[in-house]
Amino acid sequence: MSDYSPANIEPKWQKSWDDAETFRATATADKPKYYVLEMFPYPSGRIHMGHVRNYTMGDVIARYKMSTGHNVLHPMGWDAFGMPAENAAMASGGHPKEWTYSNIATMKDQMKPLGLSIDWTREFATCDPEYYGQQQALFLDMLGQGLVYRKNAMVNWDPVDMTVLANEQVIDGKGWRSGADVEKRELTQWFFNISSMGEELLEALDGLDNWPAKVRLMQENWIGKSRGLEMTFPMSTPAHGMDGITVYTTRPDTLVGASFIGLAANHPLTVALAADNAELAAFCEDCKKMDTTEAAMEKAEKKGFDTGLTVENPLGGDPLPIWVANFVLMDYGTGAIFACPAHDQRDLDFARKYGLPVIDTFFAMDDDTPVADEAFVPAKTEKVRWINQPAGLTEATGEEAIEATIDWAEAKGLGTGKVQFRLRDWGLSRQRYWGCPIPVVHCDTCGVVPEKKENLPVRLPDDVSFDIPGNPLDRHPTWRDTPCPACGKAAKRETDTMDTFVDSSWYFARFTSPHADTPTDAAEAKYWMNVDQYIGGIEHAILHLLYSRFFARAMNDTGHLPKSAREPFDALFTQGMVTHAIYQTPNENGRPTYHFPEDVDLRDGKAFLKNGGAEVQVVPSAKMSKSKNNVVDPINIIEAYGADTARWFVLSDSPPERDVEWTASGAEAAFKHLGRVWRMAHNIGDAQDNPAEDTALMKAMHKAIFEVTQGVESFGFNASIAKLYGYAATVSKSKAGANAKRTAMLTMAQLMAPMTPHLAEDIWTHLGGEGLVVNAPWPIADEAMMVEDEVTLPIQINGKRRGELTVAKDMPKEDLEKLVLAQDAVVKALNGGTPKKLIVVPGRIVNVVV
RNA sequence: GCGGGCGUGAUGGAAUGGUAGACAUAUCAGACUUAAAAUCUGAAGGGGCGUGUCCCCGUGUGGGUUCGAGUCCCACCGCCCGCACCA
């Protein structure tokens with residue numbers, strides 16, 4: 001008899017699915033829909049194990065939903081714009097377009113053998129003119145609604161990539177991609193007005209019950225809503241046309257403790273003063289550098305510059321000096337603060353350094369110690385005793401004092417309560433070639449004019465070169481030239497392209513009608529949206545997901561999505577990485593030399609080099625990385641064991657949200673198990689029916705159906721697989737007749753089908769299952785078959801297990817208690833006495849308290 | 001610094017407040033074999049001697065709640081992640 005051969009099986013069943021167009025998503029009224037989406041990949045050129053795990057999880061859900069009577073939409077596409085393509089063009093002289101499309105072709109070839117249930121007819125790349133043309137249409141509609149605007153802004157300039165970066169693309173003062181120190185530059189930029197939706201984006205987080213709490217919290221912190229008081233301190237002597245300093249504070253309750261005013265280095269007053277004060281100008285230059293590169297290293301160092309000016313204190317008392325302080329930021333609040341050193345560590349550090357007063361405004365309930373070197377900052381919910389509180393409070397929590405003081409200040413006309421967000425508008429302009437052109441024209445007469453929709457897409461020119469840094473669109477001989485859409489005179493195109501995060505902010509909506517000649521088709525979008533289950537990496541917790549939430553709202557506002565899709569992802573799952581041990585030996589410099597897994601022998605829990613036998617240090621569970629030689633290529637695994645083994649293994653060993661470590665022995669074991677199941681299906685035998693054994697097997701089958709289903713429903717794929725191992729062992733050992741075994745194995749095929757679809761089809765057909773297993777309805781566990789007549793109860797004495805008792809499930813409590821008290825262990829423990837207490841948890845446990 | 005999460009065998013991990021360690025890896029033993037591979041069966045948290053349906057200890061540490069705690073509460077230790085001069 002032949003043996004389990006994935007190389008024969010897998011292409012065969014893939015062809016059957018293709019021929020039957022099994023995965024074609026069609027909107028029909030007779031079935032509920034289910035939209036499952038995995039975050040689409042960047043076409044780097046090769047798929048990796050992380051992709052395999054991500055897509056397999058989505059595939060399990062998609063196939064399961066198909067078999068439970070849903071129209072399933074499970075699409076795939078390519079996040080295809082971005083700098084690596086340009087970098088490759090610079091390095092090797094090719095064209096970003098060719099590089100990208102060739103990578104897409106390669107990766108698709110690598111993905112196809114996985115047997116994913118993807119509707120490839122909906123595939124697109126974001127660099128397809130058909131896609132980015134609709135993105136331009138969307139941009140114009142958003143422009144019309146005031147959701148996009150232009151402003152001068154200090155931007156983060158990456159000197160290596162020669163482009164602007166969003167705040168969130170700057171990590172520790174360095175470009176997220178290039179790692180270069182980021183500089184500040186002032187440019188006219190396009191911005192999405194995401195902050196106008198801050199409140200809604202924050203409030204709607206509450207409704208996202210099927211998102212990880214962690215992601216919701218990260219977004220909440222990112223949006224950063226706070227309530228405080230905006231008030232103006234009148235200047236003692238007006239200067240540079242200004243007669244007051246407006247500050248924002250979340251702690252107006254500590255106004256009594258104000259000791260100085262702090263201005264940002266780029267506050268308008270600072271800038272005006274620096275114009276004729278070289279020393280201050282030099283100080284401000286220092287601050288600008290700190291903002292980017294040195295911030296991380298010298299975070300504790302507070303520096304300031306005394307302007308010599310003062311403001312009047314609205315509470316009476318001495319005027320407050322105005323300082324320029326390096327820790328005050330222009331782009332939050334008003335760029336000016338009042339400092340209360342007693343209750344803010346930064347202010348205190350500053351005050352101590354420059355000898356400014358420290359005024360306690362409240363004390364703990366049981367402690368009068370004045371603040372020394374540590375600011376007193378209790379939780380806002382803690383009750384404290386106030387000194388000269390402006391609103392007249394004596395004992396109150398911070399929360400109460402803040403609200404009371406805002407009311408007081410408003411009544412006195414000193415200021416107004418204000419809500420502030422950390423979330424800032426999203427700068428989308430990029431000075432790059434390989435991105436979606438911003439569809440506007442600059443006209444000397446008309447200014448900035450939107451391109452007409454009938455002229456879309458504004459296509460990228462193909463004849464560009466990358467031999468000099470900077471944007472090839474800027475230096476293209478003719479591309480910029482175009483008539484002004486308003487007056488028809490000669491004008492110039494915008495040469496900035498869009499941040500690639502724009503491309504991925506609405507692709508999920510485009511998948512509902514990928515070839516419509518508007519961004520979406522209303523009927524299709526209404527049927528398929530929302531995404532029922534979105535799956536991807538935690539690294540997208542803030543940027544991609546927040547931007548997508550914004551875009552879904554913007555698309556609703558511009559009529560491209562229904563209101564119900566303003567929150568586009570009903571459920572989000574963030575999966576863990578696939579890791580692999582690193583094998584390293586120290587070289588002569590003491591630095592590690594990395595060895596490929598295939599060069600290492602594993603014996604007795606240790607690792608040795610095959611060549612030379614030297615012992616190798618093993619670093620477990622490290623992220624796969626080419627530079628560490630610990631990457632496992634899915635293609636090699638598929639060739640060696642087949643796709644089903646790869647799929648089974650990446651799901652098996654760890655819960656989906658955690659990292660899973662790829663081990664050669666684990667993959668081997670997965671392959672062996674699939675072979676075992678295959679042989680079981682081919683060795684049913686011809687045993688006669690055996691009622692007792694048959695019933696026992698059918699009971700086990702229904703239990704397996706129940707448990708595996710539960711695992712799939714709850715994203716516990718590893719649990720489902722553990723149950724399938726157990727079920728396989730039960731079937732294998734069963735003495736049931738051939739009919740019952742055949743039934744048991746047909747169910748096995750169905751239960752395994754979402755994880756190992758090719759093997760499942762093969763078994764299903766071999767055992768005479770009707771049609772394709774992918775189309776078979778999911779088995780339903782029969783509750784009656786899962787009822788056990790007898791239960792084994794553990795008997796505890798004082799909470800410790802001391803024996804067990806097998807009794808009829810429905811035995812009356814009194815009879816059970818009698819039996820328990822007659823147990824040897826219980827009799828011994830009671831030693832002739834009576835139990836203090838007898839706890840019977842029906843069907844679970846008995847505890848005797850002695 | 002702020003916020004969040006996690007600590008269970010050699011390893012990955014399982015366990016609605018109810019038999020801790022399912023399932024898998026690695027390990028060991030047995031069967032089959034001339035032998036090996038493959039396959040199948042079984043053992044296995046640690047310790048004890050009295051070898052048993054035995055006893056003691058055991059889920060980072062210390063307390064607490066409970067008839068009963070890996071699970072709930074408090075404090076501490078360690079690790080991981082996110083944010084970070086946001087007034």
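Since we're looking at a predicted model, the values are computed, not measured. In what follows, chains are A, B, ... by sequence order, proteins preceding strands, each numbered from 1.
- For the pair A:Arg647 and A:Met755, the minimum side-chain heavy-atom distance is 4.5 Å or more.
- With both ends at atom P, the span from B:rU53 to B:rA15 equals 32 Å, rounded to whole Å.
- Rounded to the nearest Å, the gap between the C1' atom of B:rU65 and that of B:rC72 is 8 Å.
- Residue-level contact check: A:Val841 touches the bases, meaning some heavy atom is under 4.0 Å from a base atom.
- In this structure, A:Phe501 has its ring center no closer than 6.0 Å to that of A:Trp426.
- Paired with A:His673 under the rule ring-ring contact (aromatic ring centres under 6.0 Å, His included), one option of A:Trp648, A:Tyr4, A:Tyr641 passes, and it is A:Trp648.
- For B:rG7 and B:rU61, the C1' atoms lie 11 Å apart once the distance is rounded to whole Å.
- Across B:rU8 and B:rU71, the matching C1' atoms stand 12 Å from one another, rounded to whole Å.
- Among the protein residues, A:Thr250 comes within range of the sugar-phosphate backbone only, with heavy atoms under 4.0 Å from sugar or phosphate atoms but none that close to a base.
- A sub-4.0 Å separation between OP1 or OP2 of B:rG13 and a side-chain N or O of A:Arg658 is present.
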_Could you walk me through whether A:Val849 and A:Asn798 satisfy the side chain to side chain contact (heavy atoms under 4.5 Å, CB included) test, starting with their C-alpha distance in whole Å, then the side-chain angles of each, then the deciding distance to 0.1 Å, before giving a yes or no?_
CA-CA 5 Å; A:Val849 185; A:Asn798 292 337; 3.8 Å; yes
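- Using a 4.0 Å heavy-atom criterion, one finds that A:Val660 contacts no nucleic acid atom at all.
- The shortest distance between the side-chain N/O atoms of A:Lys214 and the OP1/OP2 oxygens of B:rG5 is not below 4.0 Å.
- Among the atoms of the strands shown, base atoms are found under 4.0 Å from some heavy atom of A:Asn847.
- Taking the six-membered ring for Trp and the full ring otherwise, A:Tyr725 and A:Tyr727 have centroids separated by 6.0 Å or more.
- Nearest-nucleotide positions on RNA chain B for A:Pro655 and A:Thr663 put A:Pro655 closer to the 5' end.
- A:Ile839 comes within 4.0 angstrom of a nucleotide base, judged by non-hydrogen atoms across all strands.
- Interface residues of residues 251-262 of chain A facing RNA chain B, ordered by number: A:Arg251; criterion, heavy-atom separation under 4.0 Å.
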*State the dot-bracket string of RNA chain B. Criteria: Watson-Crick or G-U wobble, both atom distances under 3.5 angstrom; notation: ( ) intrastrand, [ ] crossing earlier pairs, | interstrand, . unpaired.*
(((((((..(((.....[....))).(((((.......))))).(((((..).))))..(((((..]....))))))))))))....
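- Taking the C1' atoms as reference points, B:rU34 lies 47 Å from B:rA20, given to the whole Å.
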*What string of B, S and - do you get for nucleotides 51-57 of chain B, 5' to 3', if B is base contact, S is sugar-phosphate-only contact and - is no contact with any protein heavy atom under 4.0 Å?*
----SSS
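- Residue contacts shown for A:Gln796 include a base, since a base heavy atom lies under 4.0 Å away.
- Spacing between B:rC54 and B:rC40 at atom C1', rounded to whole Å, works out to 34 Å.
- Side-chain atoms of A:Asp253 and A:Thr405 form no donor-acceptor pair, as typed in the model, at a separation below 3.5 Å.
- Counting non-hydrogen atoms of other residues, nucleotides and ligands closer than 6.0 Å to CD of A:Glu374 gives a total of 12 or fewer.
- Base contact: A:Tyr248 has a heavy atom under 4.0 Å from a base atom.
- Rounded to a whole Å, the CZ atom of A:Phe717 is 17 Å from the C1' atom of B:rG13.
- At a cut-off of 3.5 angstrom, counting only N and O atoms as typed in the model, there is no donor on one side facing an acceptor on the other between the side-chain of A:Lys723 and the base of B:rC23.
- In this model, the phosphate group of B:rU39 is approached by a side-chain N or O of A:Lys672 to a distance below 4.0 Å at OP1 or OP2.
- For B:rG9, the glycosidic angle deviates from 0 by 90° or less, giving a syn base.
- Environment of NZ in A:Lys741: crowded, with over 12 heavy atoms of neighbouring residues, nucleotides or ligands closer than 6.0 Å.
- The P atoms of B:rG64 and B:rA10 are separated by 29 Å, rounded to the nearest whole Å.
- Comparing A:Gly224 and A:Ser732 by the nucleotide of RNA chain B whose heavy atom lies nearest to each, the residue mapping closer to the 5' end is A:Ser732.
- Look at A:Tyr725 and you won't find any side-chain N or O under 4.0 angstrom from OP1 or OP2 of B:rA24.
- Shown are A:Phe283, A:Tyr354, A:Phe305, A:Phe338; of these, the ring-ring contact (aromatic ring centres under 6.0 Å, His included) with A:Trp323 is made only by A:Tyr354.
- Spacing of C1' atoms, B:rG50 relative to B:rC67, comes out at 31 Å, to the nearest Å.
- Figure legend: cation-pi geometry between A:Lys302 and A:Phe350 absent, as NZ or CZ is not positioned both under 6.0 Å from the six-membered ring centre and within 45° of its axis.
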